[in-house]
Participant: 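Handing you a structure now.
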There are 2 protein chains.
Amino acid sequence: MTAPATTPTHPLLDAHAGVLDEIRQALASRGWYSRYPESPSPRVYGESAAADGLAAHEAHLNTAYAVLSTQPTDGSVVGSEVSPYGPTLGVTYPALDVDAGLAAARAAMPAWRDAGPQVRAAVCVEIVDRINRRSFEIANAVMHTSGQPFVMSFQAGGPHAQDRAIEAIAAGLVEQERVPTSVVWEKPGRDREGNPAPTRMQKDYRLVPRGVALVIGCNTFPTWNAYPGIFASLVTGNAVVVKPHPRAVLPLAISVEVAREVLVEAGFDAALVQLAPEADGQGLARTLAERDEVAIIDYTGGPTFGAWLEESAAAHGTLVYTEKAGLNSIVVDSTDDLRGMLGNLAFSLTLYSGQMCTAPQNVYVPEGGIDTDEGHLGFDELGDRLAAAVGRLTGDDAKAVELLGATVNDQVRSNADSLASIAEDAGGRVVLDSRRVPHPAWPDAVVRAPGLVAVDVAREDVYTQECFGPVGFLIRTASTEQSLAQLADTVREHGAMTAAVYSTSEAVLDAARDAAAEGGVALSENLTGQIFVNQTAAFSDFHGTGANPAANAAYTDAAFVANRFRVITSRRHV
Amino acid sequence: MTAPATTPTHPLLDAHAGVLDEIRQALASRGWYSRYPESPSPRVYGESAAADGLAAHEAHLNTAYAVLSTQPTDGSVVGSEVSPYGPTLGVTYPALDVDAGLAAARAAMPAWRDAGPQVRAAVCVEIVDRINRRSFEIANAVMHTSGQPFVMSFQAGGPHAQDRAIEAIAAGLVEQERVPTSVVWEKPGRDREGNPAPTRMQKDYRLVPRGVALVIGCNTFPTWNAYPGIFASLVTGNAVVVKPHPRAVLPLAISVEVAREVLVEAGFDAALVQLAPEADGQGLARTLAERDEVAIIDYTGGPTFGAWLEESAAAHGTLVYTEKAGLNSIVVDSTDDLRGMLGNLAFSLTLYSGQMCTAPQNVYVPEGGIDTDEGHLGFDELGDRLAAAVGRLTGDDAKAVELLGATVNDQVRSNADSLASIAEDAGGRVVLDSRRVPHPAWPDAVVRAPGLVAVDVAREDVYTQECFGPVGFLIRTASTEQSLAQLADTVREHGAMTAAVYSTSEAVLDAARDAAAEGGVALSENLTGQIFVNQTAAFSDFHGTGANPAANAAYTDAAFVANRFRVITSRRHV
């Protein structure tokens, strides 16, 4: 009466079984693990990789993205991407016919569901491997949609994003494997004569997807922030519709193209991954989010639409994972490596002009200043030293633009222009104005170096809202104790993706750990080298905590994957 | 610079380490596991246990529940419980001062958080062990609040509920243990001379609770449906406020009393578990749900308030686990054990007068009838045979009341009275009217045996709403194929906690498994013995699936626990 337990087979499972073992183990240990080399060096990716990637990118420009025409479409096209470096991309994409697309997604799921978690994971790994081969092409696409500098576009948009994809696959795989396929349940008992007469039942546990998963991409990290949701949903059996930011379509179009290609080669339906590009202002995310077929939403973007999603989707019983905005915070108490600290902080403020969701904004410094290996520094002195460090890092235009990239939108540019008025309104001081950096190669790019404004801790009106882009606040507090309390309070209330502390005192570090636990934010301590507060490593660092308003989830913990599938039991006497 | 990894120690951890091992393993295997004997036999619980429990119950009657006066209270008392068997309980409870109670809950959490998952699990096991010792007292309290018959009150309100508590503890423990306490992350690298120069960081992972957890109890299963949420939240570090149904306070008052007692003995703050009793109609659940301190809500009850909770709480970022209402469904196709099938079905319909969230309501039978080991039976014949089986089971008043218990509220009584009008409106037939059964011991109890109405499958208006209590529908379909399609469709749309199928055909059973997967409901196949569709076993059967509108969660899977705590990383170079 019972179906035989079958071992799943698939050529890709044969090919990637070893990888699945590796990533299961890496996830459990949380030690260092990376599948994809982060160096864009020709020694790693091949002598012609960079040129080939650029050529592939250029071949997309001013063309219709034809390969996606296998998706259901009404024939209309969209596409209005303009590089933050200046050029119009000119790529057009076929609009997804939403009714037909969602129907196709649903129809594709049963075979994908029945393939089981291991086969799904192997297919997903193959997709990411094949995405990796197009890293240079994607890097160019990320650069010319997000405005990231090229090396960052390569790393964050390529291997680092791919490692996060693999992490999500691992988390989803392991989570599904925790539920046995089948068990014989034997309840002890006796018959009327007192002889053992157990009740035996076979119980089969079948994993089922929730439905269609919608992934809403963002402008600044089109791949890095989309891959975790895409692969977490896909590996758990759901079909995925990817709705890219209208200004950052190309990197996800390439990714979706690869996914569909691999799915078909592997014997599955391409409709398991579809791209839903939209014209700027079309509101397609809202349309899709309200569809009954959509059961899961992953979102990275502004807090207003994020909050709407959380409320509206809950009314439909939809799972929603959001990453919105926050006040990334640093407490400076003391250091035994002033140069290292200043260099590290300056880099964190500078990288991509502070346009990372993890870039620091609020730097708390006690009014009495701090002790350092170069002697005591007053509050203003420390500010000036930090400004000088930023100045050194960004003083040379050609080198600076390779760190700063280009500003992604007018809001960022407006924030960069507002330092003097912020300082004036707040009775503060512009410690460093945001320099306009001419880009030697891309004259139309608007590049801004970070600026710093010193304000008093009392002026919460100034620094408890996110000021996205190259703007940092040096916040004058009465003491490190107050700095830590303010960190905990503002993060708990307004959210943060990252926090850091500099101190030579074990007591202060302990207090900082408590403040981070209270605020619900991950803490980096005394970073003075080549690890930066803005960066997290897949398989080891969680990105976000889900414990403060900045994000209701973390890449990638069990909570991010456990609810993307459900278990259906069937039981019978045996 | 790094805190030494400490092994948690606590006398209760020494005492229960073996249990924790057992339950970790039981949860992973999903085989049979029970910590608490389900038999109320004197040989198991002691010769005087039943009498002592009854005496303890009677000592509560017409008194103030004084032991809870250690909770913050404004001095007012509430309490209006009336037994479905007739008597007024007369127990009064001190109202919780909400502001002070929530403040106390928050203040109690840091020490509980820092105790770590193993100590918390051990303390929780001790609480449940001590609750188990009061099983007979709780059984009387459950009987006289829910109206369950005594043996069921003992089993479902006692050991079975306690096993579900242990299961939640196990799930929460294992989930937390999946995150390592600490790891050294070592990223390979080389210095400028090309020598190996790895980057090494220590990362500590600290588990933090989300906040105060609110558990909203129900009238029919005050302990069974409350314990999973209570212990899942408690073991993951949260403080819990238990808001019992105003007509079923006593079982949870006793449970909370025990929890507080054990917590204090174990060196923790009693405020980690508090009771928030309310007067009927006071709306305290809403008040509590809207408080910022409340981060998690577990709810069992009606769909209207459940839906409000899901929407309102999401707007606050609160996690909400709900179990509401559904259409439990059975497809009858054929059987090789007609007597067994009829007996099993009759029992499932009869037990507690169908007032279980898992009791069957919709029984689909093809109009052409079914093949059985006693020959072919027409649709009407099958109905009559089922009616006769119910009649045999409930024909003797004294025996019947020990299965039926008492009706819990006027809605159930009204539903029981409505069979004739339902049949008339629907053009159907009353196959069996709901008999009023006089209770030999409790003359004021309103006891109703199950009734059955035959209706056509087209009359969805009749059977696609929950008709809670002793009402079953025999739904005439064109074929088993239509029965299964209708099961899948109605469950997906309206929800269900359980489903079952009877068939001698492997093809039909396979199709039923697919229909159950489509509808998102657990399936019992060909139950003809002493396992019933209404019953689930802790550690093996999930209660609910989270895959249909009846409940957004399951007792107890990873998704039920993984998001009740968060992980805060701190990292530093080493």
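Keep in mind that the numbers below use all heavy atoms, side chains included, and drop hydrogens, waters and symmetry copies. In what follows, chains are A, B, ... by sequence order, proteins preceding strands, each numbered from 1.
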Participant: So, taking the atom named CG in L523(A) and the one named CD1 in I568(B), what distance separates them when rounded to the nearest 0.5 Å?
Facilitator: 10.0 Å

Participant: Indicate the atoms forming the closest heavy-atom contact of W185(A) with G31(B), along with that distance.
Facilitator: CD1-C, 3.7 Å

Participant: Please list, chain by chain and in numerical order, all residues satisfying ring pair (Phe, Tyr, Trp, His ring centres under 6.0 Å) with H160(A), sequence neighbours excluded.
Facilitator: none

Participant: With sequence neighbours left out, which residue pairs that include part of residues 544-558 of chain A fulfil the salt bridge (Lys or Arg N to Asp or Glu O under 4.0 Å) condition?
Facilitator: D557(A)-R566(B)

Participant: Count the heavy-atom pairs under 4.5 Å between each of R178(B), E186(B), R210(B) and chain A, then report the option with the highest count.
Facilitator: R178(B)

Participant: Flag the one option from A516(B), A558(B), P188(B) with the top tally of heavy-atom pairs under 4.5 Å to chain A.
Facilitator: P188(B)

Participant: Of the listed residues (V561(B), D514(B), V184(B), T528(B)), which shares the most heavy-atom pairs with chain A below a 4.5 Å separation?
Facilitator: D514(B)

Participant: Among the options P198(A), P110(A), S570(A), S312(A), pick out the one with the most heavy-atom pairs lying under 4.5 Å from chain B.
Facilitator: S570(A)

Participant: Chain A heavy atoms under 4.5 Å from E177(B): which part of the residue, side chain, backbone, both or neither?
Facilitator: neither

Participant: If you compare all heavy atoms of F532(B) against all heavy atoms of R571(A), which two are closest, and at what distance to 0.1 Å?
Facilitator: O-NH2, 3.0 Å

Participant: Please classify the contact between T569(B) and chain A as side chain, backbone, both or neither, with a heavy-atom cut-off of under 4.5 Å.
Facilitator: both

Participant: Less than 4.0 Å between a side-chain N and a carboxylate O, is that true for D292(B) and R492(A)?
Facilitator: no

Participant: If every non-hydrogen atom of N526(B) is compared with every non-hydrogen atom of H573(A), which pair is closest and at what distance?
Facilitator: O-CD2, 4.4 Å

Participant: How far apart are the closest heavy atoms of V208(B) and A517(A), and which atoms are they?
Facilitator: CG1-CB, 3.9 Å

Participant: Counting heavy-atom pairs closer than 4.5 Å to chain A, which one of G529(B), A307(B), P180(B) comes out on top?
Facilitator: P180(B)

Participant: List the residues meeting ring pair (Phe, Tyr, Trp, His ring centres under 6.0 Å) with Y321(B), not counting sequence neighbours, and say none if there are none.
Facilitator: F560(B)

Participant: What part of D114(B) gets closer than 4.5 Å to chain A, counting heavy atoms only: side chain, backbone, both or neither?
Facilitator: neither

Participant: Specify which of N563(B), T322(B), I531(B) makes the most heavy-atom pairs with chain A at under 4.5 Å.
Facilitator: I531(B)

Participant: Which one, R113(A), E310(A), E175(A), leads in non-hydrogen pairs under 4.5 Å with chain B?
Facilitator: E175(A)

Participant: Under a 4.5 Å cut-off applied to non-hydrogen side-chain atoms, are R572(A) and S524(B) in contact?
Facilitator: no

Participant: For F539(B), is it the side chain, the backbone, both or neither that has a heavy atom under 4.5 Å from a heavy atom of chain A?
Facilitator: neither

Participant: Name the one of M201(A), K203(A), K187(A) that satisfies side-chain contact (heavy atoms from CB on, under 4.5 Å) with S540(B)?
Facilitator: K203(A)

Participant: Check each atom of V501(A) against the heavy atoms of chain B and say whether the ones under 4.5 Å are side chain, backbone, both or neither.
Facilitator: neither

Participant: How would you list, in number order, the residues of residues 545-554 of chain B that have a heavy atom less than 4.5 Å from chain A?
Facilitator: T545(B), G546(B), A547(B), A553(B), A554(B)

Participant: Between S29(A) and V183(B), which heavy-atom pair has the shortest distance, and what is it?
Facilitator: O-CG2, 3.3 Å

Participant: So for Y205(A), is it side chain, backbone, both, or neither that comes closer than 4.5 Å to the heavy atoms of chain B?
Facilitator: side chain

